[in-house]
Visitor: 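First, the structure itself, so that you have it in front of you.
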Amino acid sequence: MTERRRTLVLALLPLAFLLLMSILPLLRLLQEGQGQFSLGLLADSYLQWRIVWSLLQAAASCVAALLVGLPLAWCLARYRFAGRSLTLRLLMLPFVMPTLVAGMGVLALFGPQGLLGINLQDTPWLLLYGNLFFNLPLVIRAACEGLSQVPASRIAAARTLGATSWRVFWRVEWPAVRPWLWSALCLVFLYCFSGFGLALLLGGQRYATVEVEIYQLVAYELNLADAGALALLMLLVTGAMATLYAWLERRLASPLKVDPLPPRPPQGAQWLHLLAALAVLLLFGGLPLLAVLWRAMQALWLLGPTVLADEDVRLAVYNSARFSALAVLLAAGLGCLHALAARTSLALRALAFLPFIVSPVCLAFGLLLLYPQWTASLALLLATYALLAYPFVARSLAGALDSLPPHWPQAARSLGASPLHTFTRVLWPLLQPAFRRGLAFAAATALGEFAVTLFLSRPEWLTLTTLIYQRLGRPGPDNAALAMLLSAVLMLLALLAFVAIEWPSATERQLEKES
Amino acid sequence: MQLFKTTTLLAALLAASLVNAAELRVLTHSSFAVSKPLLAEFEKQNGVKLSIIKAGDAGEMVNKLILTRANPIADVVYGIDNTLIGKAAAADVLLPMTDKGAAVSLPGAVSIDYGYVTLNYDKAWFAKKQLPLPKTLDDLTRPAYKDLLVVENPATSSPGLAFLLSTISAMGETKAMAFWGKLRDNGVKVSKGWTEAYYTDFSRNGGARPIVVSYATSPAAEVFYSKEKLTASPTGNLLLPGAVFQQVEGAALVKGGKEAALARKFVEFLRSDAVQKDIPTTMWMYPVQPGIALDPVFQHAEKPTAHTTPDSRQIAAKTTAWVGKWTRIVLKSGQ
Amino acid sequence: MLQLDAVSKRFGDKLVADRLSLQLAEGEVLALLGPSGGGKSTLLKMIAGLEPLDSGRILFAGQDLAAVPVEQRGFALMFQDFALFPHLDVLGNVCFGLRERGMARPAAQQQARACLQQMGLAGMEARKVWTLSGGEQQRVALARALVTAPRLLLLDEPFSSLDADLRRQLQLEFRQQLQRQHMPAILVTHDREEAFALADRVAVLKDGRIVQCASPAQLLAAPATPWLARFIGYENVLEDGVVPEQALCLGADQPLAQVQGIIQLADGVRVTVASLEGPLTLTLSARELARYGGNLQVGGTLAVGIDRSAMLRYASA
């Protein structure tokens, strides 16, 4: 079998899945608009404001993440302190947090009757803060990665040539970190621009984004023509951003193995820098989660622990676990196939981004329109979960495959291992951490999904996210308290996924260091 | 081997969850709250399993019905009201039904209950500030009442839409939109839905706004749900001219649904004395069946004698345009 | 034993092997010597079965290997970076090939331990491979290859990642190992010292062709081309032959050449002159310097000639 044909065979299933589950539904939605989009839509000052604000908040989030994230990353990369490696690991935490949990945390802090006594509702700050919670760690990790690519010798050389440490940063470290930052900022923009959950919860009526506008147009006004036009516009912007990202990422693809500057214990005023950095990190990354925990404890006190044995709660936990498990199972298969196929095809690699960039709201409505006989069917709900979750597996595996030296499988073959044995005894053990990581992300995605669930779910398929959203919409302090408590439960489940990701064995830790 | 077992188990679970018993699928909005024993009684008497599908706000519910008309997700729908019935009729998703003997009616469907959307105010707040209550809607645009009102977004909330419709019905479109422009300049706050407006923004519940768009029965509900014994409601109705909308909710069979006979029985069941008696203190609406005794707590609810409600055909024809205009006036750029 | 028969391979517009033929005798160690990036490693991978040929045949013991998959060839390939499996410990790595060839675990472990012992790696069985030093990794990789008793050992720059002292020591050990086991081997290297030290025969590759294949002594005595002479380290390479140090004559009767550069050595000087034959480089010992040097300085002259009878003539390739 030729390389091309093998790629095609491997890609067949994921491609068919992508076609049926995302491309066709989107086309169907656009068709429902009967192609009546006109640019006249863009002349409407209200929609103009929505679009401008969507772009503006994404750009502002990028700038803020850069300004706050870069000094933080520098402190984390260059200072050694107790708990440093734990801090670096915890940076991963927001990635697995469902938007609902983050949104609840931000509201608990800065919402009406917030813990800090500052009500930022109906201001742009709430959404920007939420954006930073998710995206600051992304920028910090990328910058740390970039800083670790600067060889210690290069910094030493600059110092001996007479540069102060500030000049070293500008002339040696910054140019090296820059490409990593650009690619991270691309992702930040993408996430902020196309994010739905956070904007719905935190944007309020005036600072909602285009994505929320699409949701309202479809769900409340049934104005599919305008929704379709806006969705197309979104797709253009996110598609361009995703392409830019894929291009930037490829340039980072083969980092050289270098000896980075080892972190040093801070001295004198450096302690202040470090403490300030950690405080800022806590403010953006930790506080919302702590607020959820705190409010959940209060709720537990108010409602008593028996509330967790409530029929609805039990059903929701059971369904969340069940659906996530099934979705992860599907995602595992699709992800493996896609990753193997994408090894030789850049186009396939880019396609793995598709489920990230399509609006889940549009997707859900497209599915409703395309498969009316399957609406309110579990198979469709699970397939949609799998669609949203599998790119994590595919991307994680593809990355691991890229960084795997070809010598390992070749050595195994020359020592007498058949292709199958080479896979099971050498490739698989080496890929397994990446696979597990992908699965954990997939599980976290399925657990936290709620945009699509809002449309495709049925009452008996109550999940934690839908139950939280339901209780948020019901009157009374008891419901609000339960929503908070359930958010904490969801957070703990996501934490489990996080532990699965960030608890590698000694071998894996070393492998991470090596690669 | 382990993986195989897990897979089998999961597959079995999946299969189990795909099988459904014979059932009647009831689509409702999320405020549906008929007492569980009553529903159980219906299931027992008719040998059927009720599957209650709550599809969010009433508007969302109707849209879902329209989008899934090729293969309806329910057999019978409850909670469709006079703001939505026209839209549903135009999309031809309901089997037209006739209705007899109700206090108020809903064209094309069986009316079940009705109520009034109007302004509520926080009595304690007004007493403390010694501010006289507004007498007309225009008072709300005066500086004395700046930043006091919270309304729901008519695009995403039924009471929000009802309130907008009542202002348009009273003043006519042009004047009403001008009025809303003045309200915006006077700091009206817009919330996504009734829960947000009533439970976070209304000063009675810890918010900063002493006037809220709610229901005429809300003061009675305040007394009913209060933890201490109250002799008077802490909130009151502000039945200003042009600010009262009569909402009629009903039920109908879904076109293309199954179990038509059972569905009819369910609609009859909603009109039965037991359910009609249950409705006032669970959903805070008035029963349409005459001669149903109300709970004494309803003495705290002032039933409006007049209202400004457009007819449902007009609502169906104009709502989208009106809401669009409202959005551009009240939520427009730079705000 | 091994025979390459008009093997050709092309990567894009780069010719890796151009109708290349080669033979390896039983128990023979052959070095493939060539400039870096000349496709030597690819040739090794083609022999191992990891790269397909464009044309030509590779035979082992008379059998055409075209249809024989990598794992059934019974060759062991040792990589430049050693390619030790990071998820296995030292013992696991050495056992790998034995287990793949169907040996039961206890027997495989016993044999692997014995092999490690022989390589001076006793006691390291449970070590993680990344905790080993470069020399230890090299020995583990060699043990992993040798323990399976391959029909042919293929080595890709096996010593290039080690420092000079360690390299010399391990090369010696390696040579003894191979001789003891009488194992045929092909060694790819860009280092002529290594090729001369380890191989029975050296094949010098350029642009996908073998320029010359001979024993180290033959190669030094009669290089095939001026390029090859320069490549294996001769400095005074002329059109008609190579001028070794002993063919350079000093003394007043020799023609004068202008001195262009002088480098001080520990026991003499190295002088570059422009002679009538072309530029020449020669090393003068302290004694010769005293005798012939006069006041040697850049821009001055030195009497130096060539004894044509002592020149090395190019072998017809």
Side-chain angles (χ1 to χ4, degrees), chain A residues 1-7 254-260 343-344 396-397 399-437 503-515, chain C residues 41-42 44-52 68-89 92-103 108 112 128-132 140-141 143-157 161:
Chain A
M1 205 166 6
T2 63
E3 191 81 6
R4 243 187 122 75
R5 209 194 274 150
R6 191 160 50 212
T7 303
S254 53
L256 296 167
K257 208 169 153 185
V258 294
D259 284 326
R343 212 144 49 131
T344 49
S396 181
L397 266 185
L401 277 170
D402 284 347
S403 64
L404 207 64
H407 286 172
W408 284 339
Q410 287 177 349
R413 288 297 301 277
S414 81
L415 286 168
S418 63
L420 183 67
H421 272 195
T422 304
F423 185 77
T424 54
R425 290 197 57 197
V426 177
L427 284 182
W428 184 244
L430 293 171
L431 290 175
Q432 202 230 341
F435 183 63
R436 208 180 55 192
R437 177 171 293 209
W503 228 259
S505 66
T507 318
E508 288 158 27
R509 229 170 286 160
Q510 189 59 35
L511 275 177
E512 269 165 31
K513 239 183 265 169
E514 302 261 311
S515 54
Chain C
S41 300
T42 310
L44 210 55
K45 284 184 184 168
M46 291 186 331
I47 297 170
L50 292 164
E51 282 290 346
V68 182
V70 189
E71 65 271 17
Q72 283 167 24
R73 293 191 180 191
F75 304 163
L77 173 56
M78 186 173 146
F79 287 88
Q80 187 172 5
D81 61 1
F82 311 135
L84 295 177
F85 302 135
H87 60 294
L88 301 175
D89 57 15
N93 267 282
V94 179
C95 279
F96 189 93
L98 294 173
R99 298 277 294 133
E100 284 306 326
R101 291 179 205 276
M103 190 180 281
K128 297 283 170 194
V129 293
W130 66 80
T131 64
L132 301 175
V140 171
R144 184 174 74 174
L146 287 177
V147 76
T148 57
R151 301 195 290 171
L152 172 65
L153 186 61
L154 303 169
L155 303 128
D156 188 0
E157 307 265 6
S161 61

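Everything numeric in this text was worked out from a predicted model, so none of it was measured.
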Visitor: Where does F75(C) contact chain A at under 4.5 Å (heavy atoms): side chain, backbone, both or neither?
Guide: backbone
Visitor: Heavy-atom distances under 4.5 Å only: say whether L98(C) touches chain A with side chain, backbone, both or neither.
Guide: neither
Visitor: Suppose the criterion is salt bridge (Lys or Arg N to Asp or Glu O under 4.0 Å): which pairs have a residue in residues 409-433 of chain A, not counting sequence neighbours?
Guide: R413(A)-E71(C), R425(A)-E100(C)
Visitor: So how far is it from D156(C) CG to H407(A) NE2, rounded to the nearest 0.5 Å?
Guide: 6.5 Å
Visitor: Where on P406(A) is there a heavy atom nearer than 4.5 Å to chain C: the side chain, the backbone, both, or neither?
Guide: neither
Visitor: Just so I understand: if I count every heavy-atom pair under 4.5 Å between each of G97(C), P69(C), A83(C) and chain A, which residue has the most?
Guide: A83(C)
Visitor: Please look at R73(C) and chain A and tell me whether the side chain, the backbone, both or neither of the residue comes under 4.5 angstrom of a heavy atom of that chain.
Guide: neither
Visitor: Could you state the interatomic distance from OG (S414(A)) to CG (L152(C)), rounded to the nearest 0.5 Å?
Guide: 11.0 Å
Visitor: Of all of L50(C), L84(C), L77(C), which one pairs up most often with chain A through heavy atoms under 4.5 Å apart?
Guide: L50(C)
Visitor: Hey, what do you get for CH2 (W408(A)) to NE2 (H87(C)), rounding to the nearest 0.5 Å?
Guide: 9.0 Å
